[in-house]
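Have a look at the structure below, then the notes.
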Number of protein chains: 2
Amino acid sequence: MDEETDGILQNRPAARDLDAIDRRILGVLVDDATISYAELGDRVGLSPPAAHERVKRLRRSGAIRNTVAIIDPRAVKKALLAFVHIDTRGWGKTPELMAVSQYPEVEEIHTVAGDTCMLLKIRTEDTRALEGLLARLYETPGVTSTRSYVVLSTYLERPVQPGITETWPTPKHMAEPLY
Amino acid sequence: MDEETDGILQNRPAARDLDAIDRRILGVLVDDATISYAELGDRVGLSPPAAHERVKRLRRSGAIRNTVAIIDPRAVKKALLAFVHIDTRGWGKTPELMAVSQYPEVEEIHTVAGDTCMLLKIRTEDTRALEGLLARLYETPGVTSTRSYVVLSTYLERPVQPGITETWPTPKHMAEPLY
DNA sequence: CATAATGGCCGTATTCTATTCAGCAGAGAA
DNA sequence: TTCTCTGCTGAATAGAATACGGCCATTATG
């Protein structure tokens, strides 16, 4: 349904500021995007077509990136979470980033202020799979480990989720290997 | 539309294993949950009612936790990301966790293997808001800082996102202050 | 072995929702 | 004032979700 897919390092044209109703719409949809436009309109005080028009505009402007199902990792046997720092001194950035972002187990990549590393959030089935992934990762030219730690137990993960400063294209083959 | 909301530390009844079609459905919906059941059925080789039945079952079993809109933090002026460790020695866990998970800026809470800390992922508007949040956080009894770092630039954030080992209820007032 | 029961699928029918459209009202500009 | 633009409403239409009856394969059961 999204007619445009993200390009490499594409920056959106800077959307117009949101008003109060827009923010309330986002607040509703970030919790549950399965409601009807009639219901949404009720909650924010608009008619169904008006609510629909707002949502369309929010999608066009990029404020709503997309609408997705949130999967329980236990159901697909992907419940081990790890945060891994990799040293990025001497990187050419783009090709290495592309390589790293190819792995479907890598959910997030951030640069860290005041440091020469990047932080990866990685979700795998078990420690064996994690070790395998790290081994493959460190074969990537320019990637070396600094430190990492594994998550024992997760108490909160909120459904808020987006590319921020620069957005990398989500590898489309992800759907296959992950699930 | 979800008839049941998560309870405190509630564990789902352990869903039956997923077959190949279930996994393909999840793989589709985790990318885009706005498609019709006709389209979904096409992609996985089922009729629309059969695809619908599968998705209903996946929802009932908890494999699909919910369906949400992914918001661009820039649009709502929440683009500063920080990872913060807090020391948790001497915690009673539950009340402190409840207090910490009340802040809508706190997106994730994890315990770390082999350490006495918890890792928080925090998203705020700017450094001022982050400092304010940290100040309030450290007023929480039992919460002390160990180390933290701020994310300069995010290259990848994938729409996969769930409560894992134990699930905390998402504070419902979140919708108001955040958006 | 025969046969009943079950689970999952399909095609059709119906209900409900999304979407389009015409017209109206308020805000801002000339 | 008057024009224009934007965003709203309610009604009409197109389209999707959902319910239902029947079919087939697999598995349990006498």
Side-chain angles (χ1 to χ4, degrees), chain A residues 1-5 12-72 75-76 175 179, chain B residues 1-5 12-72 75-76 175 179:
Chain A
M1 289 264 137
D2 289 0
E3 51 282 326
E4 293 208 15
T5 156
R12 290 275 182 177
R16 182 163 64 269
D17 265 8
L18 309 178
D19 67 11
I21 295 183
D22 287 326
R23 280 190 292 270
R24 288 176 62 197
I25 288 176
L26 294 181
V28 170
L29 295 184
V30 83
D31 268 347
D32 184 0
T34 67
I35 63 175
S36 67
Y37 288 111
E39 168 75 20
L40 177 62
D42 264 1
R43 295 204 202 166
V44 304
L46 288 178
S47 69
H52 182 225
E53 183 56 42
R54 291 266 189 166
V55 172
K56 268 200 299 190
R57 197 196 314 152
L58 289 168
R59 285 186 194 282
R60 273 201 310 270
S61 74
I64 296 177
R65 296 186 62 81
N66 55 355
T67 300
V68 305
I70 302 300
I71 308 302
D72 186 339
V76 290
Y179 296 107
Chain B
M1 291 265 138
D2 289 358
E3 52 282 324
E4 295 209 14
T5 157
R12 290 275 181 177
R16 180 162 66 269
D17 265 8
L18 308 177
D19 67 12
I21 295 182
D22 287 325
R23 280 190 292 270
R24 289 176 61 196
I25 287 175
L26 294 181
V28 170
L29 295 186
V30 83
D31 267 348
D32 182 0
T34 67
I35 61 174
S36 67
Y37 288 112
E39 168 75 19
L40 178 62
D42 264 0
R43 296 206 202 164
V44 304
L46 289 178
S47 69
H52 182 223
E53 182 57 41
R54 291 266 188 167
V55 172
K56 268 200 300 189
R57 197 197 313 151
L58 289 169
R59 285 186 194 282
R60 272 200 311 271
S61 74
I64 297 177
R65 297 186 62 81
N66 55 357
T67 300
V68 304
I70 303 300
I71 308 301
D72 186 339
V76 291
Y179 297 108

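None of these values were measured; they are calculated from a predicted model. Worth knowing before you read on, the calculation uses all heavy atoms, side chains too, and leaves out hydrogens, waters and symmetry mates. Convention: sequence-line order gives letters A, B, ...; per-chain numbering from 1.
Scanning both residues, A:D31 and B:N66, for their nearest heavy atoms gives O-ND2, 3.5 Å. Contact between A:L58 and A:L26 at its shortest, heavy atoms only, is CD1-CD2, 3.9 Å. Closest approach of B:A69 to A:A33, counting heavy atoms only: N-CB, 3.8 Å.
The CZ-C1' distance, from B:R59 to D:dA17, rounds to 12 Å in whole Å. Between the CG atom of B:L18 and the P atom of C:dG8 there is a distance of 13 Å, given to the nearest Å. Rounded to whole Å, the distance from CD on A:E53 to C1' on C:dC21 is 12 Å. The nearest whole Å value for the distance from the NE2 atom in A:H52 to the P atom in D:dC8 is 13 Å. B:L40 places its CG atom 15 Å from the C1' atom of D:dT18, with the value rounded to the nearest Å. At whole-Å resolution of the value, CG in B:D42 and P in D:dA16 are 12 Å apart. Rounding to whole angstrom units, CD1 of residue A:I35 and C1' of D:dA17 are separated by 17 Å. The separation between A:K56 atom NZ and D:dG7 atom C1' is 13 Å, rounded to whole Å.
Minimum atom distance to the side chain of A:R54 is reached by D:dC8, of the listed D:dC8, C:dT19, C:dC9. You'll find that the side chain of B:Y37 is closest to D:dT18, out of C:dG8, D:dC8, D:dT18.
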Per-nt protein contacts along nucleotides 10-15 of chain C (heavy atom under 4.0 Å; B base, S backbone sugar-phosphate only, - none) come out as BBB---
Could you walk me through whether B:R54 and B:D19 satisfy the salt bridge (Lys or Arg N to Asp or Glu O under 4.0 Å) test, starting with their C-alpha distance in whole Å, then the side-chain angles of each, then the deciding distance to 0.1 Å, before giving a yes or no? CA-CA 11 Å; B:R54 291 266 188 167; B:D19 67 12; 2.9 Å; yes
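Look at A:R43 and A:E39 and you find a salt bridge, because one of the NZ, NE, NH1 or NH2 atoms lies within 4.0 Å of a carboxylate O, short of that distance.
Residue pairs meeting the ring-ring contact (aromatic ring centres under 6.0 Å, His included) criterion with at least one member in residues 30-61 of chain B, sequence neighbours excluded, are B:Y37-B:H52.
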